[in-house]
Amino acid sequence: MQRVLLGVDRISTFVGQAFSWLIVALTALMTWEIFSRRFFDSPHAWAFDAQIQLYGVLFMTAGAYTLAKQGMVRGDVLYGFLRPRVQAGVDLVLYVAFFLPGILALTYAGWTFAGDSWAIRERSTVMTNGPPLYWFKSVIPFAGALMFLQGSVEIARCLLCLRDGEWPSRKEDVVEVDVDKLKELVHVKDEDLAKLDDLVVQQQKEKAGDDGGAA
């Protein structure tokens with residue numbers, strides 16, 4: 001079971017990392033367009049559509065990756081104090097009540113939008129004979145299906161945590177800074193920080209005493 005869960009994590013990670021290169025293309029496109037407008041007085045009408053589509057694809061394909069890395073926004077101040085089984089119960093209810101209906105609706109609607117767009121070979125109306133939209137709208141059901149797959153894995157993790165009392169492992173990638181590891185790298189111990197705190201408090205008391213005496 002764990003191999004299946006990690007396998008889906010790898011798929012979401014691969015897709016997210018592959019499409020993340022679009023931000024390089026988007027940056028290059030915007031830089032080139034600004035340079036072309038300012039120095040050559042040669043704007044390109046299709047550049048606006050291209051920028052929106054590149055960003056849209058980047059945003060949509062990052063969804064499953066973000067879910068796999070637990071990067072979505074949540075109230076960690078309260079959630080982090082809960083026991084794993086309680087966390088899993090809360091997550092399971094939210095996944096079933098909100099995530100699954102939303103993602104299924106997104107995937108179904110995206111499939112319909114993409115089908116209609118391909119049928120008429122839809123193009124952007126921002127400019128005359130604008131760039132095609134049908135390939136862009138095809139990303140919607142693709143991203144929705146990938147999110148559904150990753151969400152199913154997260155639901156399975158919730159069930160395993162309810163059974164075992166601890167969260168199953170997941171594939172690691174980019175993580176937030178680990179303060180404890182950072183302390184080890186710079187050879188700082190908790191005792192050193194405590195001594196520093198005591199020194200600061202002592203200096204503040206001495207300063208307060210000097211100010212009182214001067215008054």
With a 4.5 Å heavy-atom cut-off, do [X] and [Y] have their side chains touching?
| X | Y | value |
| --- | --- | --- |
| V57 | F19 | yes |
| Y65 | V15 | no |
| E154 | D91 | no |
| F136 | M60 | yes |
| H44 | W32 | yes |
| V86 | R83 | yes |
| W135 | P132 | yes |

- Residues at least two apart in sequence or cross-chain that pass side chain to side chain contact (heavy atoms under 4.5 Å, CB included) with Q87, listed by chain then number, are Y79, L82, W167

- Message: L100: which residues meet the side chain to side chain contact (heavy atoms under 4.5 Å, CB included) condition with it, sequence neighbours left out?
- Response: F148, I155

- Message: Distance alone, cut at 3.5 Å: any donor-acceptor contact between the side chains of S12 and K69?
- Response: no

Heavy atoms of other groups near [X] [atom1], more than 12 under 6.0 Å:
| X | atom1 | value |
| --- | --- | --- |
| L159 | CG | yes |
| Y95 | OH | yes |
| R38 | CZ | no |
| Y134 | OH | yes |

- Task: Using a strict 4.0 Å threshold on nitrogen-to-oxygen distance, state whether R157 and D9 make a salt bridge.
- Result: yes

- Thinking salt bridges, do R85 and E166 make one under a 4.0 Å N-O criterion? no

When rounded to the nearest 0.5 angstrom, what is the spacing between [atom1] in [X] and [atom2] in [Y]?
| X | Y | atom1 | atom2 | result |
| --- | --- | --- | --- | --- |
| W46 | S124 | CH2 | OG | 13.0 Å |
| R10 | L5 | CZ | CG | 10.5 Å |
| L29 | L54 | CG | CG | 6.5 Å |
| F142 | W111 | CZ | CH2 | 13.0 Å |
| L160 | M1 | CG | CE | 5.5 Å |
| Q150 | L67 | CD | CG | 5.0 Å |

- Task: Please report the C-alpha distance between L146 and I11 in whole Å, then the side-chain angles of each, then the deciding distance to 0.1 Å, and finally whether the side chain to side chain contact (heavy atoms under 4.5 Å, CB included) criterion is met.
- Result: CA-CA 9 Å; L146 195 60; I11 294 174; 4.0 Å; yes

- Transitively linked via ILVMFWY side-chain contacts under 4.5 Å: V93 with F99? no

- Message: Between I52 and I34, is there shared hydrophobic-cluster membership here, with clusters defined by ILVMFWY side-chain heavy atoms closer than 4.5 Å?
- Response: no

- Exam field: side chain S117 to backbone A114, donor-acceptor pair closer than 3.5 Å: no

- Task: Only pairs at least two apart or in different chains count here, so list each salt bridge (charged side-chain N to carboxylate O under 4.0 Å, His left out) that has a residue in residues 96-111.
- Result: none

- Message: Which heavy atom of S169 sits nearest to which heavy atom of Q2, and what is that distance?
- Response: OG-NE2, 2.7 Å

- Item | Shortest non-hydrogen contact between P101 and V96, atoms and distance | CD-O, 3.3 Å

